[in-house]
Asker: 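Please find one structure pasted underneath; my questions will follow.
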Amino acid sequence: MRFAAIADIHGNHTALKAVLDDIAALGIRDIVNLGDCFSGPLEADQTGDLLLLLDPKAERTVRGNHDRYLVEKTADQLEASDAHAHRQMSPRHFDWLRKLPFSMIWRDEVFLCHATPKDDNLYWLETVSPQGHVTLRPQDEIETLAEGIEQPLILCGHSHIARMVSLSDGRLVVNPGSVGQPAYDDDAPFYHKVETGHTMASYAVIEKTEHGWTSIFRNVPYDHMAMSRLAAANGRAEWASALATGRV
């Protein structure tokens, strides 16, 4: 089995298109999507149209925390990135979002969720210190979060950090990184920054071999400055900087 995993597109249609072209060039047809599809000051409408073509029945996509906000909150309750996406989205995009499950088992062997199996707003593979340092979560905590999952391959997103962690029983947890947002800051659980240090769109090619599951992380260049200028035009200087530099 060989497939691609994408996550955290955040309305970056141009990055998504570049990733899908790269996947097609590799001859890969199957793609799973780990959520946070629309939220951002970019092109939620075009992103949605492309995703509906890619997965029209929502059979290979799970819901991210920002996807949840878009269907659970009213327009006046949304923060800036979600509100921008909400204004651009059509009824068909919201209908698609409402179909997305919190998690799913794909092809019997792969567990998909956005963040963790029980919380769509918690980093699985990373922890944040009170000083704002983002580091690899201790192994025992990662394994505790994986309790009850029988599948040998576990996929998550949310932190935008491409990473894979082997569990003591041989299972593999993979975060493919972010397609559309290479850097951001957040104030929960403590103020911190996530910075890839590059401007490319990230995803993972995952394959089952005779020795078990493996992941190859891929970074795809695209016209990131066009998206940076769009973010700036939409009044989001921090997004513009992140898209232009991979830093905040």
Side-chain angles (χ1 to χ4, degrees), residues 1-37 47 50-64 100 103-116 123-126 136 142 146 149 151-167 170-183 194-224 227 246:
M1 190 190 304
R2 183 170 180 248
F3 66 97
I6 62 175
D8 296 287
I9 302 162
H10 285 282
N12 193 334
H13 169 264
T14 304
L16 175 60
K17 182 64 167 58
V19 163
L20 295 180
D21 288 346
D22 192 67
I23 292 170
L26 295 174
I28 297 173
R29 294 186 177 182
D30 291 325
I31 303 170
V32 299
N33 179 357
L34 305 175
D36 273 6
C37 302
T47 299
L50 192 51
L51 290 174
L52 265 64
L53 288 173
L54 181 67
D55 186 15
K57 297 182 180 180
E59 296 174 323
R60 294 175 292 168
T61 304
V62 294
R63 184 190 71 196
L100 300 184
S103 63
M104 73 168 64
I105 297 170
W106 186 65
R107 294 192 172 177
D108 297 327
E109 294 189 70
V110 187
F111 180 88
L112 312 179
C113 66
H114 175 67
T116 69
Y123 297 151
W124 193 337
L125 303 182
E126 293 80 28
L136 177 65
I142 293 174
I149 298 174
Q151 287 67 37
L153 177 65
I154 301 168
L155 303 184
C156 65
H158 189 54
S159 73
H160 299 202
I161 299 172
R163 190 193 295 275
M164 59 180 169
V165 172
S166 297
L167 304 186
R171 288 175 296 168
L172 186 68
V173 185
V174 179
N175 183 327
S178 173
V179 169
Q181 190 181 16
V194 171
E195 301 172 301
T196 63
H198 67 76
T199 60
M200 291 178 278
S202 299
Y203 78 100
V205 173
I206 300 174
E207 185 173 8
K208 185 180 182 181
T209 72
E210 61 179 320
H211 302 294
W213 289 98
T214 186
S215 176
I216 298 174
F217 298 108
R218 292 183 65 84
N219 301 303
V220 183
Y222 70 100
D223 191 356
H224 65 281
M227 292 297 96

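The figures that follow rest on heavy atoms only: side chains count, while hydrogens, waters and symmetry mates do not.
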Asker: State the CG-CD1 distance between D36 and I6, to the nearest 0.5 angstrom.
Answerer: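 So the gap between those two atoms works out to 12.0 Å.
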Asker: Taking only residues two or more places apart in sequence, or in another chain, which ones meet F111 in a ring pair (Phe, Tyr, Trp, His ring centres under 6.0 Å)?
Answerer: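 Per chain and number, F111 pairs via ring pair (Phe, Tyr, Trp, His ring centres under 6.0 Å) with no residue.
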Asker: Please name the pair of heavy atoms, one in L51 and one in C37, separated by the smallest distance, quoted to 0.1 Å.
Answerer: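 That would be CD1-CB, 3.5 Å.
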Asker: Apply side-chain hydrogen bond (donor to acceptor under 3.5 Å, both in side chains) to D22 and list each qualifying residue two or more places apart in sequence or on a separate chain.
Answerer: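 Checked D22 against side-chain hydrogen bond (donor to acceptor under 3.5 Å, both in side chains); matches are Y203, R218.
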Asker: List the residues meeting ring pair (Phe, Tyr, Trp, His ring centres under 6.0 Å) with H224, not counting sequence neighbours, and say none if there are none.
Answerer: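 Partners of H224 under the ring pair (Phe, Tyr, Trp, His ring centres under 6.0 Å) test: none.
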Asker: Among all residues two or more places apart in sequence or in another chain, which pass the side-chain hydrogen bond (donor to acceptor under 3.5 Å, both in side chains) test with E126?
Answerer: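 side-chain hydrogen bond (donor to acceptor under 3.5 Å, both in side chains) check on E126 returns S159, R163.
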Asker: Which atoms form the tightest heavy-atom contact between C156 and V173, and what is the distance?
Answerer: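 Scanning both residues, the minimum pair turns out to be SG-CG1, 4.1 Å.
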Asker: Hey, does H114 have a side-chain heavy atom less than 4.5 Å from the side chain of D8?
Answerer: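 Result yes, sub-4.5 Å side-chain heavy-atom pair found.
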Asker: Could you tell me whether the side chain of S103 and the main chain of C113 form a donor-acceptor pair under 3.5 Å?
Answerer: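 Checked: no pair found.
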Asker: So do I161 and Y123 actually touch side chain to side chain, heavy atoms under 4.5 Å?
Answerer: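 The answer is no, as the side chains (C-beta and beyond) never meet within the 4.5 Å cut-off.
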Asker: Hey, can you tell me if W106 and F3 have their rings parallel, tilted or perpendicular (30° and 60° cut-offs)?
Answerer: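 Rings of W106 and F3: perpendicular, over 60°.
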Asker: Who pairs with N33 by side-chain hydrogen bond (donor to acceptor under 3.5 Å, both in side chains), at least two apart in sequence or on another chain?
Answerer: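 Listed in chain order: nothing, the list is empty.
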Asker: Nearest heavy-atom pair of M227 and T14: which atoms, and what distance?
Answerer: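 That would be CE-OG1, 3.4 Å.
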Asker: Tell me every residue that passes side-chain hydrogen bond (donor to acceptor under 3.5 Å, both in side chains) with N219, counting only those two or more places apart in sequence or in another chain.
Answerer: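 Result, side-chain hydrogen bond (donor to acceptor under 3.5 Å, both in side chains) vs N219: S202.
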Asker: Could you pull out the closest heavy-atom pair between A146 and I154, with the gap in Å?
Answerer: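 Shortest heavy-atom separation between A146 and I154 comes out as CB-CD1, 4.2 Å.
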Asker: Got a donor-acceptor contact below 3.5 angstrom from the H160 side chain to the Q181 backbone?
Answerer: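 Yes: the side chain of H160 pairs with the backbone of Q181.
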Asker: Which heavy atom of M200 sits nearest to which heavy atom of H198, and what is that distance?
Answerer: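 Taking M200 first and H198 second, the nearest heavy atoms are N-ND1, 3.0 Å.
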Asker: Who are the side-chain contact (heavy atoms from CB on, under 4.5 Å) partners of A204, not counting sequence neighbours?
Answerer: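 Result, side-chain contact (heavy atoms from CB on, under 4.5 Å) vs A204: P176, I206, S215, F217.
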Asker: Using 0.5 Å steps for rounding, measure from the CG atom of L172 to the CG atom of L155.
Answerer: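 Those atoms lie 8.5 Å apart.
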Asker: Once you round to the nearest 0.5 Å, how far does CD1 of I9 lie from CG of L16?
Answerer: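 Separation between the atoms: 4.5 Å.
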Asker: Using residues 57-64 as the side-chain source, report each donor-acceptor pair under 3.5 Å to any protein atom, sequence neighbours left out, with the distance given to one decimal.
Answerer:
{"unit_1": "R60", "atom_1": "NH2", "unit_2": "L54", "atom_2": "O", "d": "2.8"}
{"unit_1": "T61", "atom_1": "OG1", "unit_2": "D55", "atom_2": "OD2", "d": "2.7"}

Asker: Name all pairs fulfilling the salt bridge (Lys or Arg N to Asp or Glu O under 4.0 Å) condition that reach into residues 199-215, sequence neighbours left out, sorted by first residue then second.
Answerer: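 Counting only pairs at least two positions apart or across chains, the salt bridge (Lys or Arg N to Asp or Glu O under 4.0 Å) contacts touching residues 199-215 are E109-K208.
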Asker: How would you list, by chain and number, every residue that makes a ring pair (Phe, Tyr, Trp, His ring centres under 6.0 Å) with W213, sequence neighbours excluded?
Answerer: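 If we apply the ring pair (Phe, Tyr, Trp, His ring centres under 6.0 Å) test to W213, skipping adjacent residues, there are no hits.
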Asker: What residues form a salt bridge (Lys or Arg N to Asp or Glu O under 4.0 Å) with R107, not counting sequence neighbours?
Answerer: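 By the salt bridge (Lys or Arg N to Asp or Glu O under 4.0 Å) rule, R107 matches D30.
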Asker: Sort and list the pairs that fulfil salt bridge (Lys or Arg N to Asp or Glu O under 4.0 Å) and have at least one residue in residues 151-161, not counting sequence neighbours.
Answerer: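 Residue pairs with at least one partner in residues 151-161: there are none.
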Asker: Name the residue from L53, I31, V220 that meets the side-chain contact (heavy atoms from CB on, under 4.5 Å) definition with L20.
Answerer: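 Output: one option passes, namely I31.
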Asker: How close do G157 and L34 get, heavy atom to heavy atom, and via which atoms?
Answerer: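 So the two residues come closest at N-CD1, 4.1 Å.
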